[in-house]
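The basis for the numbers below is simple: all heavy atoms, side chains too, and nothing from hydrogens, waters or symmetry mates. So that the names make sense, note that chain A is the first sequence line, chain B the second, and so on, each numbered from 1.
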Amino acid sequence: MKPFSIFNTLSRKVERFEPLKPPTVTLYSCGPTVYLPQHLGNMRAYLFVDTLKRALRFHGYDVRHVMNITDVGHMTSDEDAGEDKVEKTARAEGKSPREVADFYIAQFKRDCAALNIELPPDADSTDHVSPPQSVLCRATENIGAMIALIERIIAHGYAYVAASGVYFDVEKWRGAARVGRLSRQSLDEQHAGQRLEHSPDKKSPHDFALWVLNQPGHLMQWDSPWGRGYPGWHIECSAMSMKYLGETLDIHTGGLDHIPIHHENEIAQSESATGHPFARYFVHNAFLVGMEGAKISKSAGKFPLVADLVAQGVDPLAFRLFCFGAKYRSELVFSLDALRAAQTNLNYFSEFASNVPDEAVAGPDSEWTAGYLERFSAELADDLNTPRALAVALELVHEAYTRNDKSIWSALHKLDSVLGLKLDERRLAAHAQFPAEILELQKKRDQARAERDFNRADALRKELFSRGYEVKDIPGGSTIAPRRNP
RNA sequence: GGCGGCGUACCCAAGUGGCUAAGGGAGAGGUCUGCAAAACCUCCAUUCAGCGGUUCGAAUCCGCUCGCCGCCUCCA
């Protein structure tokens, strides 16, 4: 099997991927901030992580995946002033921050399920985790880990306590020559000529808050060694990733926009505390962009959601396929035409799967499928080249059709472990026992056809369609299946 | 001002020095078919924003020009 390789933002190169302790891979990805629904641009990012995870498994790795849920700490202006977004929504909706977070977490989980994005299980309340563990964890439930991490940073001399909060000492970190590894920008470049309001407590405008103090207007506050307050917005990722996955991660993912600030700061915090590398591979996904080529963002106001796909008659899994059509590092242009193209491809796979008989599932595959598995695997190994991997999958089905050989189920099923199109479910649905009245209608229609009463036959087909079933004529009879497009 | 990226057919999109510029969708024609659906076959970029250069050879490297976008502030 071709060794897996992936683009590492740290080196700006496609690198051979080698985890610290194979076959285990520790993977941390920045998750949602839960004060608004996740739009399709966000979903592309989670889809990318899901695909990476599935591809790594395809290559035999045992992936331990942690995703955070930010239910506190993101400010509307900069990192140590302004209003907490969760709180802002809470006030607007007359709910508690916890209720707001719960509401959007539930929606996030539903949307992920619709796209067949596998989320890690919810974290239980365990404090110490020795073998790396897959969890979906909330910031507000890990305040203790954050405080402990901040204490370590202070103990190492990289943070200081001021009246308005605990700040990370960026100048000191710069002295250690460790600034700008990801963004390739020096501090002076970063803020050249910028309007940057900053607290007079800070030694340098580049310093960022680890813990915020004396903001009595905030609803969410916790006790800490420095007083009542709340965490800064970078610290949760450092604290939770280390808690569940250990102090050096194999892979850290996120959107491109996280490179210059969020991940740069995460590295600074984590490495100043532990003294060793935070993450070995940083992998960043590009954006889904609107038809005018502009980024779709939360603050921009308008953006499509998973629910909008359904409203357009597009299966959410077609959105998966649509995203497969471009590499994760390329901007992808959102268009209805391209989505429909993906829907057509989904139907192609689905139709084939529906017609695979039980014997072909139980029996061995034809030997000609082996090459497809190898090519598929190689394309994934090449920096997750999903467009080519998808092309291989389409070719496999195409060849099965032209050979009229349905003995490819094991191979197809294996590909679907990465594609995530739920082909097995589709096959089973097509083989399900249909209600007797439906079968009766089908029978009546077959009869009408046999008697060449085509008006009656067409009426019965319409009747079945309106009840959610599609009949197709085949030599000597017909087949029936649930309607594809809802 | 600084940093980064993009421009490949009607649409989405691979390909970053050398076999015929992947693949999908749309479109056209055909096979099959009572019709429909599905499937299959054929066609569909002498050309990669433009110009110039390097090279035996470039969509791929270099330079310039034009157009577009992201980040530097919460953002996938």
Option among A/Lys13, A/Lys327, A/Lys2 that satisfies the salt bridge (Lys or Arg N to Asp or Glu O under 4.0 Å) test with A/Asp383
A/Lys327
Between atom CD in A/Glu331 and atom C1' in B/A76, what is the gap in whole Å?
12 Å
What contact category does A/Arg456 fall into here, base, sugar-phosphate, or nothing, at under 4.0 angstrom with non-hydrogen atoms?
nothing
Per the atom types in the model, does the base of B/G70 pair as donor or acceptor with the side chain of A/Asp257 at under 3.5 Å?
no
Taking only the C1' atom of each, what is the distance from B/C10 to B/C43 in whole angstrom?
16 Å
Strand partner of B/A59, provided both Watson-Crick or wobble distances fall under 3.5 Å
none
Using the P atom in both, what is the distance from B/A39 to B/A26, to the nearest Å?
10 Å
Expressed in angstrom and rounded to an integer, what is the separation of A/Leu288 atom CG from B/C12 atom P?
13 Å
Any base atoms under 4.0 Å from A/Phe352, or only sugar-phosphate, or nothing? Heavy atoms, all strands.
nothing
Return the pairing partner of B/A14 with a 3.5 Å limit on both distances, Watson-Crick or G-U wobble; otherwise return none.
none
When rounded to whole Å, the CG to C1' distance for the pair A/Leu390 and B/G25 reads 12 Å
What's the closest nucleotide to the side chain of A/Ala391 if the choices are B/C11, B/A13, B/G23?
B/G23
Reckon A/His398 has a side-chain N or O less than 4.0 Å from the OP1 or OP2 of B/C41?
yes
Closest to the side chain of A/Pro387, out of B/C35, B/C40, B/A13, is B/A13
Side-chain N or O of A/Asn347 closer than 4.0 Å to phosphate OP1/OP2 of B/A37
no
Could you check how far CG of A/Leu394 sits from P of B/G23, rounded to whole Å?
11 Å
Side-chain donor or acceptor of A/Arg340 under 3.5 Å from a matching atom on the base of B/A26?
no
How about A/His263 and A/His252: are their ring centres within less than 6.0 Å of each other?
yes
Once you apply a heavy-atom cut-off of 4.0 Å, does A/Asn345 come out as touching a base, just sugar-phosphate, or nothing?
sugar-phosphate
Separation of A/Asp405 atom CG from B/C40 atom P, in whole Å?
14 Å
What's the gap between B/C62 and B/U16 when it is taken at their C1' atoms, as a whole Å value?
14 Å
Which whole-number value in Å describes the distance from A/His206 NE2 to B/U73 P?
10 Å
Closest to the side chain of A/Thr402, out of B/C40, B/C12, B/C35, is B/C40
What's the gap between B/A58 and B/C48 when it is taken at their C1' atoms, as a whole Å value?
11 Å
Would you mind telling me which of B/A37, B/A76, B/G15 lies closest to the side-chain atoms of A/Asn42?
B/A76
Taking the P atom of each, how far is B/A28 from B/A14, in whole Å?
27 Å
If you measure from the C1' atom in B/U33 to the same atom in B/C40, how many Å do you get, rounded?
14 Å
Below 4.0 Å: OP1/OP2 of B/A14 and any side-chain N or O of A/Tyr328:
no
I'd like the C1' distance from B/U47 over to B/A21, given in whole Å.
8 Å
Determine the Euclidean distance between corresponding C1' atoms of B/C75 and B/G18; express it in Å to zero decimal places.
44 Å
Rounded to whole Å, how long is the line connecting atom NE2 of A/His284 with atom P of B/C75?
13 Å
Selected nucleotide, minimal atom distance to A/Phe454 side chain, candidates B/A36, B/G15, B/G34
B/G34
Does B/G34 pair with anything, Watson-Crick or G-U wobble, both distances under 3.5 Å, and if so, with which nucleotide?
none
Counting the atoms with a prime plus P, OP1 and OP2 as sugar-phosphate, which does A/Ser330 contact under 4.0 Å by heavy atoms, base, sugar-phosphate, or nothing?
sugar-phosphate
